[in-house]
Protein chains: 2
Amino acid sequence: MKGKDAKGEKARTHLSREDVLDAAARLVKRDGPRSLTMRGLAAELDTAVTSIYWHVGNRESLLDALVERTLADLGEIRPVGRTPARRVVSVARTLRRRLLDRPHLVAMVHERGLTERMFLPAQRSLVHEVHEAGLRGARAADAVRAVQVLVVGHVLVERNRERAPAQRPGEDELWTATTAERDAALARALAAPLDPEALFTTSVTALVTGLLGPGN
Amino acid sequence: MKGKDAKGEKARTHLSREDVLDAAARLVKRDGPRSLTMRGLAAELDTAVTSIYWHVGNRESLLDALVERTLADLGEIRPVGRTPARRVVSVARTLRRRLLDRPHLVAMVHERGLTERMFLPAQRSLVHEVHEAGLRGARAADAVRAVQVLVVGHVLVERNRERAPAQRPGEDELWTATTAERDAALARALAAPLDPEALFTTSVTALVTGLLGPGN
DNA sequence: ACCTGAACACCGTTCAAGT
DNA sequence: ACCTGAACACCGTTCAAGT
């Protein structure tokens with residue numbers, strides 16, 4: 001089996017740092033960082049555990065390197081739409097999509113307190129659009145940041161909702177017309193499973209309306 | 001040392017399940033769940049590791065029990081304010097305060113996908129208020145959930161910002177008047193450290209305005 | 001019913017030794 | 001410069017044995 005790993009990839013003369021990062025990224029994307037063990041990674045690479053240490057130092061540095069890669073991967077975002085408000089919403093939606101593509105890695109970026117840096121590409125676009133909408137100074141900065149936190153908040157919540165066990169007691173048992181202000185449609189809506197994409201659109205649209213709206 | 005633990009608490013004849021949970025909750029609140037080890041907990045309780053297993057099964061069940069406790073601890077929330085919008089904002093702020101009080105435990109609730117359940121006490125109040133504001137059916141349910149996700153999103157982001165290392169490159173180096181739409185005040189605001197409480201208030205107010213506002 | 005120590009299968013990491 | 005196996009100090013967990 002020497003020279004060929006479990007995935008049947010090309011033979012390798014030397015193990016490189018890139019090889020280690022590639023394999024680690026693949027495993028993390030599939031099963032999350034928690035189940036990435038140095039021994040398991042070594043097996044995947046068909047090498048000795050200690051070789052990995054030569055290339056990446058230790059487990060924490062390895063994960064840090066993956067986070068750096070993720071940050072580098074998140075490129076610019078081009079706003080689309082006819083009004084600044086629509087363009088802000090479009091940036092938020094694009095960003096959400098990209099983050100949901102790599103939920104584990106986003107969580108790792110978040111854990112390392114680098115959420116702000118992750119948003120830099122989007123931030124430039126958002127700054128431009130809120131300025132375009134007439135916001136200035138601290139008010140513009142607040143608007144940009146409010147959108148950022150909304151996006152990352154939704155992504156974090158959504159990611160964990162996916163793998164949530166059945167809720168006990170289920171929301172369907174909790175809300176009946178009598179407990180929900182005698183509003184049968186409301187009770188039904190509260191009992192129904194949540195549609196994350198729709199909720200996100202509702203939230204970000206309402207937020208942007210509030211931030212850019214005439215009241216401000 | 002038998003019969004008196006490291007904190008000098010009262011002697012114990014029998015170790016109880018409650019004793020285990022109390023000690024575990026204290027340690028988790030201080031250092032987070034990651035640094036809670038069964039052996040460390042046993043030392044804290046001045047008992048054998050294996051005794052703990054008799055009372056709580058295993059580490060995962062122990063953490064589950066702490067999460068259950070946290071959920072039970074989050075009580076009702078009384079809305080205050082003269083308009084429905086203000087009362088919704090007040091519920092959100094109170095909720096945020098309570099969650100920030102136990103950040104590690106909230107994160108654990110979240111990891112277990114029980115965020116929805118955590119919100120139940122607040123949900124009743126929110127449902128009442130948005131109904132009061134004239135929202136009905138699915139639209140009311142969306143509004144309630146949008147506020148929920150905003151709150152938990154902010155708490156999660158805020159918690160991790162606290163222990164964030166210095167950002168590289170710092171936002172102060174990134175934003176100058178020329179890059180920030182030639183708006184010196186905006187550049188300064190973007191470079192300044194974020195005030196989480198202020199940003200939260202701005203966000204939730206804008207969101208509620210957008211959700212309850214005349215446009216809808 | 002409750003507690004114990006020994007033992008097992010894992011972990012990340014270090015290090016001296018190889019080529 | 002790169003790789004190796006042995007060894008160390010940790011984990012969570014099981015289990016037979018004690019009282």
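Values in this document were obtained by computation on a predicted structure and should not be read as measured data. Order of the sequence lines fixes the chain letters, A, B, ..., with proteins taken first and strands second; residue numbering starts at 1 for each chain.
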For [X] and [N], give me the distance from atom [atom1] to atom [atom2], rounded to whole Å.
X: L41(B); N: dC11(D); atom1: CG; atom2: P; value: 12 Å
X: D46(A); N: dC3(D); atom1: CG; atom2: P; value: 12 Å
X: W54(A); N: dG18(C); atom1: CH2; atom2: C1'; value: 15 Å
X: R17(B); N: dC3(C); atom1: CZ; atom2: P; value: 14 Å
X: L45(A); N: dT4(D); atom1: CG; atom2: P; value: 11 Å

Does a side chain donor of either T47(B) or S51(B) reach within less than 3.5 Å of an acceptor in the other side chain?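 T47(B) vs S51(B): donor-acceptor pair found between side chains.
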In terms of side-chain heavy atoms of [X], which of [options] is nearest?
X: A48(A); options: dC2(D), dT14(D), dG5(D); value: dG5(D)
X: S51(B); options: dC3(C), dT13(C), dC15(C); value: dC3(C)
X: M38(A); options: dT13(D), dT13(C), dT4(D); value: dT13(C)
X: R39(A); options: dT13(D), dG5(D), dC11(C); value: dC11(C)
X: N58(B); options: dT13(D), dC2(D), dT13(C); value: dT13(D)

Ignoring hydrogens and angles, does a donor from either the side chain of T37(B) or the base of dG12(D) sit under 3.5 Å from an acceptor on the other?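 Side chain to base: no pair present.
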Ring of F200(A), cation from R93(A) - is the NZ or CZ under 6.0 Å from the centre and inside 45° of the axis? no
Looking at W54(A), is R17(A) sitting on its ring face, NZ or CZ under 6.0 Å from the six-membered ring centre and within 45 degrees of the normal?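 Here R17(A) fails the 6.0 Å and 45° test against W54(A).
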5'-most contact on DNA chain D (nearest-nucleotide basis), E60(B) vs S16(A), goes to S16(A)
Over all atoms of both residues, closest heavy-atom pair of A189(B) and A138(A): CB-CA, 3.7 Å
Phosphate contact (dA1(C) OP1 or OP2) by H14(B) side-chain N/O below 4.0 Å: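 Indeed not, no polar side-chain atom of H14(B) lies that close.
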Using a cut-off of 4.0 Å on non-hydrogen atoms, how would the nucleic acid contact of L62(A) be classed: base, sugar-phosphate, or nothing? nothing
